[in-house]
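Model, not experiment: these values are computed from the prediction. Convention: sequence-line order gives letters A, B, ...; per-chain numbering from 1.
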There are 2 protein chains.
Amino acid sequence: MQDIITDKEREEKQSELVEIMGRISCRGGGTALSGRILGLLSFLDQEEFTFEEIVDRLKISKSSVSTTLNHLMESDRIEYITYPGDRKRYFRIKVNTPKTFIQTMRKYIERFENVNRAALELKKDRNSRSAKNIQAMLKSLTFWKAQIDEYEKEFNIDEL
Amino acid sequence: MQDIITDKEREEKQSELVEIMGRISCRGGGTALSGRILGLLSFLDQEEFTFEEIVDRLKISKSSVSTTLNHLMESDRIEYITYPGDRKRYFRIKVNTPKTFIQTMRKYIERFENVNRAALELKKDRNSRSAKNIQAMLKSLTFWKAQIDEYEKEFNIDEL
DNA sequence: TAGTCAGTTCGGAAACAATAGAACCAAACA
DNA sequence: TGTTTGGTTCTATTGTTTCCGAACTGACTA
């Protein structure tokens with residue numbers, strides 16, 4: 001019933017999703033542009049895109065594409081492959097990489113934990129309202145750290 | 001051994017932490033200013049601060065304090081109380097409010113889930129690299145949603 | 001009624017981030 | 001050797017936040 005959809009229609013809808021990805025720009029903070037590139041590499045049926053194709057399809061400048069691609073590669077969310085006898089690089093999403101996101105998350109949590117622990121140490125009265133609040137914070141931070149550990153165990157994120 | 005610390009020294013250290021909070025500005029995105037205010041209300045021994053005290057201690061303009069306090073109240077991270085015969089409002093941190101943070105998190109995850117699900121629907125070949133990647137994403141998003149549920153159950157975040 | 005107190009609101013300056021444009025460069029090719 | 005291809009790098013330009021100052025307001029007070 002839903003499969004009477006032409007390839008062209010499908011691609012249009014996919015492109016819409018790419019724009020949406022740009023808007024909810026993504027996986028823990030990025031630019032609209034990086035969201036759109038990730039969307040393109042991820043949502044279309046085509047699996048690999050050259051630099052030029054990205055420029056053409058998303059209508060963004062070469063310079064922006066260049067810097068954004070490099071950021072995305074640095075943060076391990078995309079990669080490129082090459083084919084013998086072809087100078088072009090073919091970009092594609094890297095599979096299974098919520099890793100980086102999780103690691104930033106963990107770092108953030110740890111920094112926050114440290115500050116709060118230090119603050120608690122300095123409290124004159126540990127039963128004060130604010131001190132108790134800090135303790136509650138610390139407890140929930142511990143919870144989230146444990147969840148992250150479990151996540152990493154369960155999904156056993158790929159090693160190099 | 002560590003308790004031979006004068007009140008003055010303690011306060012200085014606490015103030016340092018306030019500045020740090022400003023820097024890692026906080027609880028899921030806020031300004032340096034809101035971080036510092038949260039730090040002040042949270043890390044010092046004094047439990048309640050008036051508008052003026054905040055202005056004086058943090059050396060930020062009245063206007064900035066005003067808008068920031070209102071934002072923090074809107075997002076439920078601080079509150080104020082009043083005393084009979086006193087026009088001033090006394091601001092203090094609201095206890096136990098990672099709630100809002102968690103809720104934004106959940107919303108974010110859900111939006112992300114929706115886009116990815118839609119993208120998966122549109123895929124011609126569900127066994128393609130990128131389609132499989134989307135499936136993996138969805139699986140981990142499901143995991144995190146479950147963790148959030150568990151968190152809310154475990155910490156049973158306070159109702160009004 | 002004027003004056004103070006406890007803030008709020010309104011512009012705008014300063015700082016920062018995102019994108020573009022144009023010049024550049026290195027590898028391959030003719 | 002010069003030219004094309006596939007990008008990169010280096011300033012602008014533009015847009016967005018963050019924060020401040022100054023003028024304003026509304027409740028109370030003398």
Please check if any side-chain donor atom of A:E48 sits under 3.5 Å from a side-chain acceptor atom of A:Y83, or the reverse.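 Yes, because at least one side-chain N or O of A:E48 sits under 3.5 Å from a partner of the opposite role on A:Y83.
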Length of the [atom1]-[atom2] vector between [X] and [N], whole Å:
X: B:L69; N: C:dT9; atom1: CG; atom2: C1'; result: 15 Å
X: B:L58; N: D:dT18; atom1: CG; atom2: P; result: 17 Å
X: B:K59; N: D:dC20; atom1: NZ; atom2: C1'; result: 16 Å
X: B:E74; N: C:dT8; atom1: CD; atom2: C1'; result: 14 Å
X: A:F49; N: D:dG7; atom1: CZ; atom2: P; result: 15 Å

Considering the terminal five base pairs at each end of the helix from C:dT1-D:dA30 to C:dA30-D:dT1, what angle separates the two local helix axes, rounded to 10°?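 About 20° separates the two local helix axes.
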Quick one: side-chain hydrogen bond (donor to acceptor under 3.5 Å, both in side chains) partners of A:Q46, sequence neighbours excluded?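 Scan of A:Q46 (side-chain hydrogen bond (donor to acceptor under 3.5 Å, both in side chains), adjacent residues dropped) gives A:E53.
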Tell me, please, which residues at least two apart from B:R57 pass side-chain hydrogen bond (donor to acceptor under 3.5 Å, both in side chains).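 Counting only residues at least two positions away or on another chain, B:R57 forms a side-chain hydrogen bond (donor to acceptor under 3.5 Å, both in side chains) with B:E11.
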Between the protein and nucleotides 13-19 of chain C, list the N/O to N/O atom pairs that are separated by less than 3.5 angstrom.
residue : atom : partner : partner atom : Å
C:dT19  : OP2  : A:T31   : OG1          : 3.3

Backbone N or O of [Y] within a donor-acceptor pair of the [X] side chain at under 3.5 Å?
X: A:Q14; Y: A:F43; answer: yes
X: A:E79; Y: A:M73; answer: no
X: B:K139; Y: B:I134; answer: no

Flag the pair A:F143 / B:F155 as yes when their ring centroid distance falls below 6.0 Å, and as no otherwise.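 Yes: the rings meet the under 6.0 Å criterion.
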Could you tell me whether A:K8 and A:E12 make a salt bridge, using a distance below 4.0 angstrom between a side-chain N and a carboxylate O?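 Salt bridge flag = yes for A:E12 with A:K8.
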What pairs with B:F91 under ring-ring contact (aromatic ring centres under 6.0 Å, His included), at least two apart in sequence or on another chain?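 B:F91 satisfies ring-ring contact (aromatic ring centres under 6.0 Å, His included) with B:Y80 once adjacent residues are dropped.
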Over 12 foreign heavy atoms within 6.0 Å of CZ, A:R111: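 Count not over threshold, so no.
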Walk me through whether A:K145 and A:E113 qualify under side chain to side chain contact (heavy atoms under 4.5 Å, CB included). CA-CA 10 Å; A:K145 252 186 23 185; A:E113 227 181 351; 3.2 Å; yes
Mind listing the N/O atom pairs, protein and nucleotides 2-6 of chain C, below 3.5 Å?
residue : atom : partner : partner atom : Å
C:dC5   : O2   : B:R87   : NH1          : 3.2
C:dC5   : O2   : B:R87   : NH2          : 2.8

